[in-house]
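Residue numbering restarts at 1 for every chain, and letters A, B, ... go by the order of the sequence lines. It should be emphasised that the depicted structure is a prediction, and the values quoted were computed from it without experimental measurement. What's counted below: heavy atoms across the whole structure, side chains too, no hydrogens, waters or symmetry copies.
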Amino acid sequence: MRQPALRWPVPAALADLLPGQYIHGGQRRGKYLLLALDDGHLLLHLGMSGSLRMVAPGQAAGLHDHLDLLLDDGGVLRFTDPRRFGAVLWLTGDPFAHPLLRDLGPEPLSESFDADYLYHRSRGRRVPVKSFLMDSHVVVGIGNIYANEILFLSGVHPLRAAGRIARSRYESVVAMARAVLGAAIRQGGTTLRDFVGGDGKPGYFRQQLQVYGRAGEPCKKCGRLLQEVRLGQRTTVYCASCQR
DNA sequence: ATGCGGACCTGTTAGC
DNA sequence: TGCTAACAGGTCCGCA
């Protein structure tokens with residue numbers, strides 16, 4: 001371990017705990033990764049700049065390499081995170097009972113994420129629908145880029161109060177969320193600068209972006225210039241005529 | 001309970 | 001050209 005100060009301190013005890021344990025498998029919940037070991041789970045989050053990949057044995061650790069898992073076949077699983085928004089925690093007991101995972105909303109590609117759910121969940125809420133969709137307690141996996149895209153494609157204004165959107169419009173939001181996330185996954189994600197997937201390739205979804213990063217450019221549906229506002233310190237781009 | 005703003009961190013880029 | 005400031009991103013936390 002080189003840099004324990006990630007989002008939360010990486011437990012110093014890992015160096016004593018982990019050796020000798022088998023990795024039984026991996027799971028994902030939202031953007032959290034879980035590795036099941038003999039005595040507990042290793043919880044990992046890649047933040048926005050993190051990666052977890054196999055590196056050649058003996059390869060020197062760089063400035064942003066924070067944790068190496070030395071496997072018994074000689075392989076090295078390396079956790080790297082330049083911006084240190086990521087996290088590494090050790091959980092014992094039921095990992096899904098941990099406060100970080102316990103209160104997470106449904107997976108956006110699961111059946112429990114549907115218009116009824118969003119409709120009921122949003123009643124009485126005055127938050128802008130974009131913030132609502134980006135709230136991991138409502139639904140996981142929708143970050144800033146995809147929230148912008150989803151709302152554009154479903155014709156919903158990002159500043160509209162979540163609780164004042166009809167059920168039928170949430171049908172469209174859900175459909176577009178599935179479409180956008182599905183397509184992004186198939187295309188390896190969205191590379192803005194240097195992101196590469198597990199295969200070392202960049203994500204190609206950037207070419208599909210309708211609004212994100214296009215403020216001031218013409219809307220692809222109506223031609224009117226796209227607007228940009230700051231919402232919760234996040235760049236929000238939308239078409240004032242297509243999104244209501 | 002809800003909603004808002006602040007914090008974390010650093011590589012990149014825009015602006016002087 | 002060099003330096004500084006702003007920015008991007010996910011998500012938790014604290015305060016009103």
**Student:** Provide, to the nearest angstrom, the distance between the CZ atom belonging to A:Arg102 and the P atom belonging to C:dC12.
**Tutor:**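 Nearest whole value for this atom pair: 12 Å.
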**Student:** Are B:dC8 and A:Phe85 stacked, with the base six-membered ring and the side-chain ring centres under 5.5 Å apart and planes under 30°?
**Tutor:**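 So yes, this residue stacks on that base, both cut-offs being met.
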**Student:** Do you know which of A:Val229, A:Asn144, A:Leu159, A:Ile150 makes side-chain contact (heavy atoms from CB on, under 4.5 Å) with A:Lys130?
**Tutor:**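 Testing A:Lys130 for a side-chain contact (heavy atoms from CB on, under 4.5 Å) against A:Val229, A:Asn144, A:Leu159, A:Ile150 leaves exactly one candidate, A:Asn144.
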**Student:** Quick one: is C:dA6 close enough that its OP1 or OP2 comes under 4.0 Å of any side-chain N or O from A:Arg230?
**Tutor:** no
**Student:** Please state how far atom CZ in A:Arg83 lies from atom C1' in C:dA8, giving the value in whole angstrom units.
**Tutor:**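 Taking CZ of A:Arg83 and C1' of C:dA8, I get 7 Å after rounding.
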**Student:** Only one of A:Met176, A:Arg169, A:Arg244, A:Gln243 clears side-chain contact (heavy atoms from CB on, under 4.5 Å) with A:Val156; which?
**Tutor:**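 Among A:Met176, A:Arg169, A:Arg244, A:Gln243, the one meeting side-chain contact (heavy atoms from CB on, under 4.5 Å) with A:Val156 is A:Arg169.
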**Student:** Measure distances between side-chain N and O atoms of A:Arg234 and base N and O atoms of C:dG10, and say whether any donor-acceptor pair falls under 3.5 Å.
**Tutor:** yes
**Student:** Between A:Arg84 and B:dT10, does any side-chain N or O lie under 4.0 Å from OP1 or OP2?
**Tutor:** yes
**Student:** Please check the phosphate of C:dC12 (OP1 and OP2 only) for any side-chain N or O of A:Ser136 closer than 4.0 Å.
**Tutor:**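 Checking A:Ser136 against C:dC12: at least one side-chain N or O falls below 4.0 Å of OP1 or OP2.
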**Student:** Looking only at atom types and distance, does a side-chain atom of A:Glu217 sit under 3.5 Å from a main-chain N or O of A:Leu226, one as donor and one as acceptor?
**Tutor:**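 Checked: no pair found.
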**Student:** At under 4.0 Å between heavy atoms, what does A:Leu100 touch on the DNA or RNA strands: base, sugar-phosphate, or nothing?
**Tutor:** sugar-phosphate
**Student:** Both A:Pro82 and A:Gln233 contact DNA chain B. Taking the nearest nucleotide for each, which residue is further toward the 5' end?
**Tutor:** A:Gln233
**Student:** Mind calculating the distance between CG (A:Leu46) and P (C:dA8) to the nearest angstrom?
**Tutor:**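 From A:Leu46 CG to C:dA8 P: 22 Å.
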**Student:** Just to be sure I understand the rule, does A:Tyr32 reach a base, reach only the sugar-phosphate, or reach nothing, if contact means heavy atoms closer than 4.0 Å?
**Tutor:** sugar-phosphate
**Student:** Report the distance from atom CZ of A:Arg121 to atom P of B:dG3, rounded to the nearest whole Å.
**Tutor:**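 A:Arg121 atom CZ is separated from B:dG3 atom P by 11 Å.
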**Student:** What nucleic acid atoms does A:Pro99 come within less than 4.0 Å of, heavy atoms only: base, sugar-phosphate, or nothing?
**Tutor:** nothing
**Student:** What contact category does A:Arg126 fall into here, base, sugar-phosphate, or nothing, at under 4.0 angstrom with non-hydrogen atoms?
**Tutor:**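 Sugar-phosphate contact only.
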**Student:** Please report the distance, rounded to the nearest Å, between CG in A:Leu231 and C1' in C:dA8.
**Tutor:** 16 Å
**Student:** Is the backbone of A:Leu43 close enough, under 3.5 Å, to the side chain of A:His41 for a donor and an acceptor to pair up by distance?
**Tutor:** no
**Student:** Could you check how far NE2 of A:His137 sits from C1' of B:dG3, rounded to whole Å?
**Tutor:**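 For the pair A:His137 NE2 and B:dG3 C1', the rounded distance is 13 Å.
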**Student:** Round to a whole Å and report the spacing from CZ of A:Arg123 to P of B:dG3.
**Tutor:** 12 Å
**Student:** Hey, can you tell me if A:Tyr22 and A:His24 have their rings parallel, tilted or perpendicular (30° and 60° cut-offs)?
**Tutor:** tilted
**Student:** Rounded to the nearest Å, what distance is computed from the NZ atom of residue A:Lys31 to the P atom of nucleotide C:dC12?
**Tutor:** 11 Å
**Student:** For the side chain of A:His64, starting at C-beta, report the closest nucleotide among B:dC9, B:dG11, C:dT11.
**Tutor:**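 Ranking B:dC9, B:dG11, C:dT11 by closest atom to the A:His64 side chain puts B:dG11 first.
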**Student:** Using a heavy-atom cut-off of 4.0 Å across all strands, would you classify A:Thr235 as base, sugar-phosphate, or nothing?
**Tutor:**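 If one applies the 4.0 Å heavy-atom cut-off, A:Thr235 turns out to touch the sugar-phosphate alone, with no base involved.
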